[in-house]
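What you see below is based on every heavy atom in this structure, not just the backbone, and it leaves out hydrogens, waters and symmetry mates.
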Amino acid sequence: MLIVHKKKIGKKAQEEMVGFVLIVIIVAIVFLVFFGIFIREGNETKDNDSREIVQFLESFERYDTECAIGFEPDFSNMGELIQECFEGKICLNGKTSCEVLEINSKEILEKSFSIGELNYYKGYEFVSFYEEGNQTEEIIKIIKGNCNSSFIGGETFSSGDNGVFVSNLKICF
Amino acid sequence: MQIVLNEMIYKKAQIKIQQTGSLLIYQLSEIKNRRGQLKIQQMAFVLVALMIFFGLVSLIYFRLRVSNIEDSAVNLKDEEAKELVRKLSGSAEFAFTSEDCSNCIDFDKVLILSERKSYEGFWNLKHLEIQKVYPESEGICNRQNYPKCDTLKIIDSGENTGAITSSFVSLCRWESGKGEGYYKCEIGRILASGEGI
């Protein structure tokens, strides 16, 4: 009689445990599904290519500098100056094309994007390089502020003799 | 007589035993009923708790979804506004056609355009201006200080214009200073706001 009673109690306890485990499993599955959706949404690859940055780079490359290589008033724009800097040319005013390129690039970027800890933009990285096959040669690189956080960026290309000149700008916020 | 008495006692005893038995059975069934009720209550509680839990989870999930949708709607509207501003710089009234440049604005042409009042309602905008970013200069552009100026206001309604959308452009103009003259392009921004955006 006592054994039967004990068995009954044991069975009931087992049933309770199974019920409890079932509830825990259901709750865990719901949490996992919810968490999975949440993480997937967070990890969605952001489109970092910004039309605005590309537009800025296009305007940047169109900017006419005070550097003329052949004759005045055939002044080079920034796009041409990148190529001339790569070729090591010197302007008629005596300055090197790389010098003019660096000064103008720094000033343009400074005036276009106000960088600071309290500002929306935290930093930028501007790189211009020549790419031929698998080889790249850096022409100019300007870095300002903190660029470890999220960013938007853009690239422009112009053809050289055997390769391509690439200008890349990354704005961090 | 004694036998009859004994039988009566026996019957009474039997009745008593029966009564006690039925009482025990009744008590046992009541205990079982109570346990059953308790089980039903337990299940009901668990079901209610699960319903509340699922309700809360779905509520949080939909709240997040809605906020994401709202964010993407705002982003889309912003992108659309920027695209409209870019399109504006490519329109015939602004475009620099001397060279092949989709991003260039003819600054000379726009200066003349800003003087024409007939264009104020043309784009359905409350505010439209062009700002020179580099090289830096100061003042609102007019025929007297052009091109040594900073801002060229094309439409200025004076009222609260709301959110302003801007885009980088090249500001190209005829520079007649050195020798025979040449086209000089600078960096600027086109800023617009209003119902058309």
Side-chain angles (χ1 to χ4, degrees), chain A residues 8 12 15-16 19-20 22-24 26-38 41-42 44 46-47 50-66 68 71-79 92 103-114 154 156 169, chain B residues 35 39 42-43 46-47 49-50 53-54 56-58 60-61 64-65 67-68 71-72 75 78-79 82-83 85-86 89 96 99-105 131-137 165-190:
Chain A
K8 265 188 179 176
K12 267 183 188 173
E15 276 172 12
E16 292 279 332
F20 180 70
L22 226 105
I23 288 166
V24 168
I26 290 169
V27 170
I29 288 169
V30 170
F31 258 117
L32 274 174
V33 170
F34 183 66
F35 200 64
I37 293 166
F38 197 75
E41 272 176 10
E44 267 174 14
K46 277 186 182 174
D47 183 17
S50 166
R51 183 79 190 90
E52 197 183 351
I53 302 298
V54 173
Q55 200 136 10
F56 168 76
L57 283 172
E58 279 171 11
S59 306
F60 172 86
E61 287 183 355
R62 293 287 309 190
Y63 176 72
D64 288 309
T65 62
E66 296 293 312
F71 64 94
E72 283 190 5
D74 184 27
F75 294 105
S76 303
N77 61 35
M78 292 295 275
L92 290 177
I103 291 166
N104 279 296
S105 300
K106 275 182 182 169
E107 280 181 2
I108 291 170
L109 286 164
E110 187 94 29
K111 296 278 175 270
S112 303
F113 305 100
S114 45
T156 52
L169 178 65
Chain B
R35 272 189 187 165
K39 282 265 169 197
Q42 213 178 20
M43 203 172 76
V46 169
L47 280 173
L50 274 174
F53 171 72
F54 282 118
L56 278 172
V57 167
S58 47
I60 294 164
Y61 175 72
L64 283 168
R65 289 292 292 182
S67 70
N68 278 353
D71 280 353
S72 25
N75 284 344
D78 195 41
E79 275 302 311
K82 279 180 181 170
E83 209 54 56
V85 172
R86 281 174 209 136
S89 63
F96 178 70
E99 286 171 32
D100 183 29
C101 175
S102 61
N103 197 30
C104 298
I105 282 179
Q131 270 180 9
K132 203 189 277 182
V133 174
Y134 187 80
E136 211 174 22
S137 41
T165 310
S166 73
S167 179
F168 282 103
V169 285
S170 289
L171 303 175
C172 299
R173 60 181 171 82
W174 180 255
E175 177 79 51
S176 51
K178 290 175 180 170
E180 56 199 67
Y182 65 103
Y183 284 113
K184 183 176 171 64
C185 291
E186 294 164 328
I187 298 174
R189 264 178 189 275
I190 180 164

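Listed by chain and residue number, nothing satisfies the ring-ring contact (aromatic ring centres under 6.0 Å, His included) test with A:F20 (two or more places apart in sequence, or in another chain). Partners of B:Y134 under the ring-ring contact (aromatic ring centres under 6.0 Å, His included) rule, at least two apart in sequence or in another chain, are A:Y63.
Within the 4.5 angstrom heavy-atom criterion, no atom of B:K132 approaches chain A. In this structure, the portions of A:I108 lying under 4.5 Å from any heavy atom of chain B include both its backbone and its side chain. Interface remark: B:E136 contributes side-chain atoms only to the contact with chain A (heavy atom separation under 4.5 Å). Only the side chain of B:F54 comes within less than 4.5 Å of a heavy atom of chain A; its backbone N, CA, C and O stay farther away.
Here the straight-line distance linking atom CG of A:N104 with atom CG of A:N77 works out to 11.0 Å at 0.5 Å rounding.
In this model, B:C172 has its SG atom within less than 2.5 Å of the SG atom of B:C185.
Counting heavy-atom pairs closer than 4.5 Å to chain A, the top-ranked of the candidates B:G188, B:C101, B:S167 is B:C101. Between chain A and the residues B:E99, B:R86, B:E186, B:K184, the largest count of heavy-atom pairs under 4.5 Å involves B:R86. Contact tally against chain B (heavy-atom pairs below 4.5 Å) for A:E52, A:E107, A:E58: the top residue is A:E107.
Ring planes of A:F56 and B:F168: perpendicular class, angle over 60° (limits at 30 and 60°).
In this structure a side-chain-to-backbone donor-acceptor pair under 3.5 Å is missing from B:S89 to B:N103.
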